[in-house]
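Presented below is the structure to which this report refers.
Atom set for the values below is all heavy atoms of this structure, side chains included, hydrogens, waters and symmetry mates excluded.
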Amino acid sequence: MLDMPVYVRAWKGAHGTATTGIMASRGCPFRCNWCSRPIFGNNFRLRPVDPVIAEMRGLIDRYGVDHFWFFDDSFVVKQTWVEELCVELKRAGMPASFECMARVDQVSEKILRLMKDAGCSRITYGVESGSQKVLDAMEKGTKVDQVRRTADWMHALGIQMGVFIMYGYPGEEYPEILETLDLIRRIQPDQISMSVVHPMPGTGFYENVSASLSSSTASTGDYHEGTPSFRTRYPGFFYKFLKKRTDAGCREARQPGIANSLRVAPWRAATALLSCLCRDRSRVDG
């Protein structure tokens, strides 16, 4: 149904690779309390390796695809399956690279090395926060130490590391935000995607904050990325500044220097000042 030659040419022109998506599994067995799974649910189902290999080969031969994005919720769930896939990709001599999403508690140095040898160029992780307190509140099931360890493996093996960061979760105060910023500086991801947490209907998180949802969210489900849709600890513009600070701080960590230090300085000052003002205001209101 998609005009594939036009699609892959667009990718090639914009990013230098003829990329397309592929899916090897459905569902997610984990229980993050903010995550909505209305389509595939909680059951995890894997396709056999052979049909996945055949689909990749067909896309390469027919359309010239040279990079695959596995958009499974979590690619590394059953390690024996990943090992089999990597072995078969090498055996097939597949002239294409791939990327995927994974959890830091599901990878090992061994599996990452196998994935690298099979053509994996990037893995994106749901890091979410650098605060163990916040991760536990999310019921994420991961540890900050696992993030650091995984980052060390990724950098040593030469696999690009992407991370998702989520700000604004209930209980996150400025000290927890600083923990997240410190973690980002420590792990130096190649790509970073930031958002303000959004309550999705049907999740435990939605039920927890339902009383503080904005009227537009509660009535229409309208959502604009980066705009708080419930009563967050800080106002919306604080999180916009925080995203600027995070992005600039990440660049400064990867490329230290006066120029990048100057870029992060105003956002660091703005968020620090706003956090103090909000703290003082809450004391007055209290």
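Between the SG atom of C28 and the CG atom of N43 there is a distance of 11.0 Å, given to the nearest 0.5 Å. Taking OG1 of T20 as the reference point, atom CZ of F71 lies at 8.0 Å (rounded to 0.5 Å). The CG atom of L274 sits 10.5 Å away from atom CG of L242, with the distance rounded to the nearest 0.5 Å. The CE atom of M154 lies 6.5 Å from the SG atom of C120; values are rounded to the nearest 0.5 Å. To the nearest 0.5 angstrom, Q79 atom CD is 7.0 Å from Q106 atom CD. Distance check, rounded to the nearest 0.5 Å: CD1 of I165 to CD1 of I177 gives 12.0 Å.
Distance alone, capped at 3.5 Å, is enough to place a donor-acceptor pair between the R254 side chain and the P189 backbone. Side-chain atoms of N33 do not come within 3.5 Å of backbone N or O of F205 as any donor-acceptor pair. With S131 contributing its side chain and E176 its backbone, the two residues share no donor-acceptor pair below 3.5 Å. In this structure, Q146 contributes its side chain and K143 its backbone to a donor-acceptor pair below 3.5 Å. Judged by distance alone, the side chain of R57 and the main-chain N or O of A92 form a donor-acceptor pair under 3.5 Å. A donor-acceptor contact shorter than 3.5 Å links the side chain of D72 to the backbone of S25. Looking at R245, its side chain never comes within 3.5 Å of a backbone N or O of A269 through a donor-acceptor pair. Remark: side-chain polar atoms of T203 are paired, donor with acceptor, to backbone N or O of M200 under 3.5 angstrom. Side-chain atoms of E55 do not come within 3.5 Å of backbone N or O of P51 as any donor-acceptor pair. Using modelled atom types, one side-chain atom of N260 and one backbone atom of Q255 make a donor-acceptor pair closer than 3.5 Å.
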Worked check of side-chain hydrogen bond (donor to acceptor under 3.5 Å, both in side chains) between Y206 and S36: CA-CA 10 Å; Y206 183 92; S36 178; over 6 Å; no
Test log, rule side-chain contact (heavy atoms from CB on, under 4.5 Å), inputs L114 and V82: CA-CA 9 Å; L114 286 171; V82 178; over 6 Å; no
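C32 places none of its side-chain heavy atoms less than 4.5 Å from the side chain of M138. Using a 4.5 Å cut-off on side-chain heavy atoms (C-beta onward), I22 and M56 make contact. In this structure, the side chains of V65 and V8 come closer than 4.5 Å at one or more pairs of heavy atoms. Side-chain contact between R113 and L157 is present, with at least one heavy-atom pair separated by less than 4.5 Å. Side-chain atoms of R186 and D152, non-hydrogen and from C-beta on, do get closer than 4.5 Å to each other.
Considering K140, K133, Q132 as possible partners of D136, the one that fulfils the side-chain contact (heavy atoms from CB on, under 4.5 Å) test is Q132. Of the candidates K78, K110, K90, K110 is the only one forming a salt bridge (charged side-chain N to carboxylate O under 4.0 Å, His left out) with E83.
Between the side chains of E252 and S261, at least one donor N or O sits under 3.5 Å from an acceptor N or O. In this structure, a donor-acceptor pair under 3.5 Å is absent between the side chains of T142 and D105.
Between F75 and W81, the ring-plane angle classifies as perpendicular under the 30° and 60° cut-offs.
Applying the 6.0 Å contact sphere to NZ of K244 captures no more than 12 heavy atoms from other residues, nucleotides or ligands. R45 CZ: more than 12 foreign heavy atoms inside a 6.0 Å radius.
Residue T180 comes nearest to G130 through the heavy atom pair OG1-N, 2.8 Å, listed as atom of the first residue, atom of the second, then distance. Shown here for C250 and I192, the closest heavy-atom pair between the two residues is SG-CG2, 4.4 Å. Nearest heavy-atom pair, C278 versus P235, reported as atom, atom and distance to 0.1 Å: SG-CD, 3.6 Å. G162 approaches R122 most closely through the heavy-atom pair N-CG, 4.4 Å. Considering all non-hydrogen atoms of both residues, V127 and L135 come closest at O-CD2, 3.5 Å. Contact record, H155 with I187: NE2-O, 2.5 Å, taken as the closest heavy-atom pair.
Residue L2 is grouped with residue F68 when hydrophobic side chains (ILVMFWY) are merged at heavy-atom distances under 4.5 angstrom, including chains of intermediate members. L183 and V264 are members of different hydrophobic clusters when ILVMFWY side chains are connected at heavy-atom separations under 4.5 Å. By the criterion of side-chain heavy atoms lying less than 4.5 angstrom apart, applied directly or through intervening Ile, Leu, Val, Met, Phe, Trp or Tyr residues, Y239 is grouped together with F237 in one hydrophobic cluster.
Ionic pairing of D145 and R149 is not present here: no N-O contact between side-chain nitrogen and carboxylate oxygen is shorter than 4.0 angstrom.
Geometric assessment of R103 against the ring of F30 yields a positive cation-pi assignment under the 6.0 Å and 45° thresholds.
F98 has its ring centre less than 6.0 Å from the ring centre of F70. With ring centers used as reference points, Y167 lies 6.0 Å or more from Y234.
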